[in-house]
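Heads up: the structure comes next, in structure tokens.
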Number of protein chains: 2
Amino acid sequence: MASIKDIAKKAGVSISTVSYALNGSSKVTDETCARILAIAKELNYVPNAAARSLKKKESKIIGAFLPDFSGGFYGDLLQGMKGTLIQKGYDLVVCSGPQSHRLLAEKLFDGALILDHTFSDEQLLNFAELGHRLVVLDRELKHPNINHVLLDNKAGASLAMEYLIDLGHRKIYVVTGPEGSYDSKQRMAAVRQTVERNSDVECIEIPGDFNRTGGERAGKQIAAEFAGPVAVFCLNDEMAIGMYDYLSETDLEMGKDIHIIGFDNIELSEYIRPRLATIDYSKKKWGSLASEQLIKIIEGKPVENERIYVTLVKAESVKPVQSA
Amino acid sequence: MASIKDIAKKAGVSISTVSYALNGSSKVTDETCARILAIAKELNYVPNAAARSLKKKESKIIGAFLPDFSGGFYGDLLQGMKGTLIQKGYDLVVCSGPQSHRLLAEKLFDGALILDHTFSDEQLLNFAELGHRLVVLDRELKHPNINHVLLDNKAGASLAMEYLIDLGHRKIYVVTGPEGSYDSKQRMAAVRQTVERNSDVECIEIPGDFNRTGGERAGKQIAAEFAGPVAVFCLNDEMAIGMYDYLSETDLEMGKDIHIIGFDNIELSEYIRPRLATIDYSKKKWGSLASEQLIKIIEGKPVENERIYVTLVKAESVKPVQSA
DNA sequence: CATTCTGTTTGAATCGTTTCGACACCGGTT
DNA sequence: AACCGGTGTCGAAACGATTCAAACAGAATG
């Protein structure tokens, strides 16, 4: 692979001149510049990323860290990130899993967008302390090098609960996220508040995991103790889908015996029948806002923590309770 | 950020000794080694990726290039890649879009997995010529630094067509992929062969794009010229979904007036109603096989091009034609 | 003709690693 | 006492770029 040195030799100039020419510095004559660029093309020259970031201490690459590559949810988010980052002159790469943590540590990126519970809070604070710039989407962290962009989880959970209650439901199962999930905690807090304000509703909490299996397990439990119509608030859509999967094998009918609402409005929710009621928000905007914040931190501009607003999506998976 | 130099100073040894210690070389005394490692921990030392890859000319990172981050399809594929790569000591990062081509060019990765039509064949051959190691999943390319792992498109397309024909369908629309797509070409070749073998079937080709909008457009056309039950082979599931979206707003009934089969068996296909008939294959295996091949190329081991086998998924979106 | 100025080019240092060859030390042979 | 092989450590060069400060040319000035 051709290096700056090869170009210099071929052009009969010093490597510094080549570097200046390649970077469009005004110092070098138009003529020399043109000649150098021509030779660079001819040699198929491409700057070496490692060498450049070693010297400049920047790579113009942002890393997004997700727990997995599974589709539905992250597509729009990443698209939002990508869009704004490109515009700001950065590139986006996506990493997943704890093995990839090293990529963050090794300063491969100028900053990172984190929506990944496989990082602990301490780890992230530690990284920030070492000079890494981060925006977190799944927790609150106080550090000059960290900012967060969070969903309005509480509003969403309240909307969902009130929707069920308004339609007359009084026995409501809530399937939670995994232990320690910030989103789950926030949503549960709002759930409990809402329940407290409505003394006649019975709320049964079932521990979940934000995955389909958790929804299936919860569905099994609910089916087992079934004794008349109930409502279920799955703290995310994935679990709601899991519950659908399980219930479709029973003779319990969704939207009649069991009324389900989710959270996230993933793509699948729109296609399953009955269509899943859920809480919606713009994943694209979330990604793009987070990216903007990150670039601001990198460029040393002031930032404030932002919040993503949510809306209720009514659908056939939740119907009014039949007055007996 | 602490560097090897800081450790050397603090330990009172040379930087080479530190480097040897950090890399577990047997040359350095256990005692010195322990001391150095302790100091490294204490200083929160993390090796600098740029410096290391500059010197070693390897990063132990593989890049996967996809046209977009949209979910359904790529999740399993990436998981398959990730799994084998990790096992071989490599990390995976995912890139998307033409802006990211530079990441490949700049030698950030030790190799790349390509399923991305935004690269042209010439580009890829050019990269290979410059020493980049590639495995392509969406075309055939002959070069010592390139290998391909392809679907058995022809078998899949034949299976789909024969399924329709066996069930009595004689008027079959085929919605193609975009101009220039290798997969589309392959599938179409098999379609035409099958049609030739069955002189009584009428086959109407509609140009598509492998996206939902293409399926919608095709659906519109088919609905407009509707004159009795027809079958449709959408060359991928995304377009089939788009067609569902459109047709659900008409009074044409799927699995009765219009019988649809897709290709890819993406997650959504399992959830839409009627369930979409389609061609299935293991995306995970595809990813893992491609990764294995790539590592072999990198390590200079011999490789042969591989093929991924496909199977037919029968489902309610295709029913036998009613004998009048 | 010497001097200053402007504009272009260059040499050298640097970023953080790895790695080769040199070297000093030590116990054990001759 | 001279020699040897092995072991542990070190210095220096290298990877490919950027960038500061110095050098240099040629034109313009006095």
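Every chain is numbered from 1, with letters handed out A, B, ... down the list of sequences.
In this structure, A:Lys41 fails the cation-pi test against A:Tyr45, since its NZ or CZ atom is not both closer than 6.0 Å to the six-membered ring centre and inside 45 degrees of the ring normal.
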Pairs under 3.5 angstrom only: tabulate donor-acceptor contacts from the side chains of residues 104-117 of chain A to other protein residues two or more places apart or in another chain.
from: A:Glu106; atom 1: OE1; to: A:Arg102; atom 2: NH1; distance (Å): 3.1
from: A:Glu106; atom 1: OE2; to: B:Arg52; atom 2: NH2; distance (Å): 3.3
from: A:Asp110; atom 1: OD1; to: A:Ser59; atom 2: N; distance (Å): 2.7
from: A:Asp110; atom 1: OD1; to: A:Ser59; atom 2: OG; distance (Å): 3.2
from: A:Asp110; atom 1: OD2; to: A:Ser59; atom 2: N; distance (Å): 3.2
from: A:Asp110; atom 1: OD2; to: A:Lys60; atom 2: N; distance (Å): 2.6
from: A:Asp116; atom 1: OD1; to: A:Thr118; atom 2: N; distance (Å): 2.8
from: A:Asp116; atom 1: OD1; to: A:Thr118; atom 2: OG1; distance (Å): 2.7
from: A:Asp116; atom 1: OD2; to: A:Thr118; atom 2: OG1; distance (Å): 3.1

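End-to-end axis angle of the helix from C:dC1-D:dG30 to C:dT30-D:dA1, from C1' rotation axes over five pairs per end: 80° (rounded to 10 degrees).
Within the 4.0 angstrom heavy-atom criterion, only backbone atoms of the sugar-phosphate kind lie near A:Ser3; the bases stay farther away. No engagement by A:Leu22 is indicated, since no non-hydrogen atom pair under 4.0 Å with the nucleic acid exists.
Counting heavy-atom neighbours within 6.0 Å of B:Glu299 CD, excluding the residue itself, gives a total above 12. In A:Glu179, the CD atom is not crowded: 12 or fewer heavy atoms of neighbouring residues, nucleotides or ligands sit closer than 6.0 Å.
A:Ile4 has its CD1 atom 15 Å from the C1' atom of C:dC15, to the nearest Å. Rounded to whole angstrom, the span from the CD1 atom of B:Ile15 across to the P atom of C:dT19 amounts to 13 Å.
Atom CD1 of A:Ile39 is separated from atom CZ of A:Arg35 by 6.0 Å, given to the nearest 0.5 angstrom. A distance of 10.0 Å separates CD1 of B:Ile62 from OG1 of B:Thr84, quoted to the nearest 0.5 Å.
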Can you tabulate the close N/O pairs, meaning under 3.5 Å, that link protein atoms to atoms of nucleotides 20-26 of chain C?
from: C:dC20; atom 1: N4; to: B:Tyr20; atom 2: OH; distance (Å): 2.6

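Although no hydrogens or angles enter the test, the distance criterion places a donor-acceptor pair under 3.5 Å between the side chain of A:Asn48 and the main chain of A:Ala50. Remark: side-chain polar atoms of A:Thr29 are not paired, donor with acceptor, to backbone N or O of A:Thr32 under 3.5 angstrom. Side chain of A:Ser96 to main chain of A:Pro67: a donor-acceptor pair is present (N/O by atom type, distance under 3.5 Å, no hydrogens or angles). Side-chain atoms of B:Asp264 never come within 3.5 Å of backbone atoms of B:Asn236 as a donor-acceptor pair (strictly under, hydrogens ignored).
Classification of the B:Phe127-B:His132 ring pair by plane angle, with boundaries at 30° and 60°, yields perpendicular. Taking the six-membered ring for Trp and thresholds of 30 and 60 degrees, A:Trp286 and A:Phe73 have ring planes more than 60 degrees apart, a perpendicular arrangement.
For the side-chain hydrogen bond (donor to acceptor under 3.5 Å, both in side chains) test, no residue two or more places apart in sequence or in another chain qualifies with A:Asp152. The side-chain hydrogen bond (donor to acceptor under 3.5 Å, both in side chains) test applied to B:Arg139 returns B:Asp121, not counting sequence neighbours. Residues satisfying the side-chain hydrogen bond (donor to acceptor under 3.5 Å, both in side chains) test with B:Glu122, not counting sequence neighbours, are B:Ser120. With sequence neighbours excluded, no residue forms a ring pair (Phe, Tyr, Trp, His ring centres under 6.0 Å) with B:Tyr20. Not a single ring pair (Phe, Tyr, Trp, His ring centres under 6.0 Å) links A:His148 to another residue, sequence neighbours left out.
A heavy atom closer than 4.0 Å to some atom of DNA chain C occurs in no member of residues 104-112 of chain B. Within residues 37-58 of chain A, the residues having any heavy atom closer than 4.0 Å to DNA chain D are, in order of number, A:Tyr45, A:Val46, A:Pro47, A:Asn48, A:Ala51, A:Arg52, A:Leu54, A:Lys55, A:Lys56. Taking a 4.0 Å limit (strictly below) on heavy-atom distances, residues 29-36 of chain A does not reach DNA chain D anywhere.
Using a 4.0 Å cutoff to heavy atoms of chain B, the contacted part of DNA chain D runs 5' to 3' from D:dG8 to D:dG16.
The pair A:Glu42-A:Lys10 meets the salt-bridge criterion, with a side-chain N (NZ, NE, NH1 or NH2) lying under 4.0 Å from an Asp/Glu carboxylate O.
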